[in-house]
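Keep in mind that what you see is a predicted model, and the values were worked out from it rather than measured.
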Amino acid sequence: MSSTELPSVPAAHVLPQVATVRVAEGERLRSVGLPGVTLTVRSRPPRREGLPPALYVHGLGGSSLNWSALMEQLDGVVDSEAVDLPGFGDSPPPDDGDYSLTAHARAVIRYLDASGRGPVHLFGNSLGGAVSTRVAAVRPDLVRTLTLVSPALPELRVQRTAVPTGLLAVPGVTALFTRLTRKWTAEQRVRGVLQLCYGEPGRVTPEGFRDAVQEMERRLQLPYFWDAMTRSARGLVNAYTLGGQHALWRQAERVLAPTLLVYGGRDQLVGYRMCSRAARAFRDSRLLTLPDAGHVAMMEYPDVVARGFRELLAEVEGREPDPGRPKAGAGSGAPTENSGS
């Protein structure tokens, strides 16, 4: 192993005690043991029995908490669960230290197979969008619809603002960054994340900022925090180099599930211009664009994303959308909706 490589963190029994993960009102957390991984699953009991199941997959550095606002918006529409990918949120590292895109997709597939909840309405953001694309391509039997918020699919011309995140994949960069930022407070780190991920950071409430700081403080106590970030970033970059049937854009073309694509006009990590290519690649796609949103539209505009999903669901189920409900694209948020290919 090169001296610039980070060592893999062993199994969870050696990990220190840290603060508990925040659970929003109406949510539950449980731990699910699967071959090679243990996943924490956040759920929100539905308002009534018989609602179709949904599963949410977060992005790089995120957790199932990223979906709480959208889950609340949809609690009368679907039976929601969100996973913490291995090494993120409250899930311990994978037993084999594998954070590749394929390994993350395998963890999601193993959970769906073990739970018997499929086919589900699958949601993914950023890295989770790439993971969900792969799951939908290789296991179409598990996916009823696919909703992707700023999916991290390969770009030929990466935005300059996304370069620092991509550099995490370069050996030695994470160690250098942690040395340079060792005196940064959790508040400083959170403000930096908000500036990068939100189109309008001012939309975050004081309570939301406080919760984010507490979660950052908790994560920084985990000895595998930077290891999971680095190896997952490297796994994503490596996935971008794959050709043939394993290429992400090729897999996007194989997705059979009706797909809702959500892109933010102020996204600094996934280029807004990629929405057109994605709409062409996914064969049964709808495009929802939010000019004022950044990288995490489901956190910034959960009501608009929920509205877009309800319209997708109504279409899939052969029903007309509620005539009293404004279509995505109407209202003060100024999102627009277009049809994909």
Set out, in order, the CA-CA distance, both residues' side-chain angles and the distance that settles side-chain contact (heavy atoms from CB on, under 4.5 Å) for Asp284 and Leu256, then state yes or no. CA-CA 7 Å; Asp284 187 6; Leu256 300 176; over 6 Å; no
Should Leu65 and Arg22 be marked as a side-chain contact (heavy atoms from CB on, under 4.5 Å) after you check the CA-CA gap, both sets of side-chain angles, and the distance that decides it? CA-CA 8 Å; Leu65 273 168; Arg22 184 171 65 85; 3.6 Å; yes
Take Leu248 and Gln251 through the test side-chain contact (heavy atoms from CB on, under 4.5 Å) and record every step on the way to the result. CA-CA 5 Å; Leu248 279 170; Gln251 292 191 321; 4.0 Å; yes
Could you please spell out the steps behind the salt bridge (charged side-chain N to carboxylate O under 4.0 Å, His left out) verdict for Asp98 and Arg231? CA-CA 8 Å; Asp98 187 352; Arg231 292 178 186 273; over 6 Å; no
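Under the 4.5 Å side-chain criterion, counting only non-hydrogen atoms from C-beta, Val143 is not in contact with Pro119. Leu112 places a side-chain heavy atom less than 4.5 Å from the side chain of Val120. Put simply, the side chain of Asn238 reaches to within 4.5 Å of the side chain of Arg234, judged on heavy atoms. Contact of the Arg189 side chain with the Thr185 side chain is not registered, since no non-hydrogen atoms from C-beta on lie closer than 4.5 Å. Between Leu290 and Tyr301, some side-chain heavy-atom pair lies under the 4.5 Å cut-off. Using a 4.5 Å heavy-atom cutoff, the side chains of Gln73 and Val305 are not in contact. Residues Tyr240 and Leu153 have side chains not in contact (no heavy-atom distance under 4.5 Å, counting atoms from C-beta outward). At a threshold of 4.5 Å between non-hydrogen side-chain atoms, the residues Ser63 and Asn66 count as touching.
Of all non-hydrogen atoms in Ala107 and Leu34, the two that sit nearest each other are O-CD1, 4.2 Å.
Remark: the backbone N or O of Glu300 is paired with a side-chain donor or acceptor of Arg203 at under 3.5 angstrom. The backbone N or O of Ala257 lies less than 3.5 Å from a partner atom in the side chain of Thr259, making a donor-acceptor pair. Remark: side-chain polar atoms of Glu72 are not paired, donor with acceptor, to backbone N or O of Gly26 under 3.5 angstrom. Between the side chain of Ser80 and the main chain of Ala54, no donor-acceptor pair closer than 3.5 Å is present. A side-chain donor-acceptor contact under 3.5 Å links Asp84 to the backbone of Ser64. Listed for the Ser91 side chain is no donor-acceptor partner under 3.5 Å among the backbone atoms of Gly87. Side-chain N or O atoms of Arg218 include one that pairs as donor or acceptor with a backbone N or O of Gly89 at under 3.5 Å. Between the side chain of Arg44 and the backbone N or O of Glu25 there is at least one donor-acceptor pair closer than 3.5 Å. The backbone N or O of Arg42 sits nowhere less than 3.5 Å from a side-chain atom of Arg28 that would complete a donor-acceptor pair. At distances below 3.5 Å, at least one donor-acceptor pair connects side-chain atoms of Asn125 with backbone N or O atoms of His295.
Arg277 forms a cation-pi arrangement with Trp249, by the criterion of a distance under 6.0 Å to the ring centre and an angle within 45° of the ring axis.
Under the 3.5 Å distance criterion, with hydrogens and angles disregarded, a donor-acceptor pair is assigned to the side chains of Glu27 and Ser68. With no hydrogens or angles considered, a side-chain donor-acceptor pair links Arg134 and Thr102 at under 3.5 Å.
In terms of hydrophobic clustering, with Ile, Leu, Val, Met, Phe, Trp and Tyr side chains grouped at heavy-atom distances under 4.5 Å, Phe225 and Val21 are assigned to different clusters. Under the 4.5 Å side-chain heavy-atom criterion for ILVMFWY residues, a single connected hydrophobic cluster contains both Val316 and Leu142. Hydrophobic clustering (side-chain heavy atoms under 4.5 Å, transitive across Ile, Leu, Val, Met, Phe, Trp, Tyr) keeps Leu51 apart from Leu122.
Between Asp79 and Arg117, at least one side-chain N (NZ, or NE/NH1/NH2) sits under 4.0 Å from a carboxylate O, which counts as a salt bridge. With salt bridges taken as basic N to acidic carboxylate O contacts below 4.0 Å, one links Glu215 and Arg219. No salt bridge links Glu311 with Arg286; every basic N to acidic carboxylate O contact stays at or beyond 4.0 Å.
Separation of the Phe309 and His121 ring centroids falls under the 6.0 Å cut-off.
Ring-plane geometry between Phe123 and Tyr56 is classed as parallel, the angle between the planes falling under 30 degrees on a 0 to 90 degree scale with a further cut at 60.
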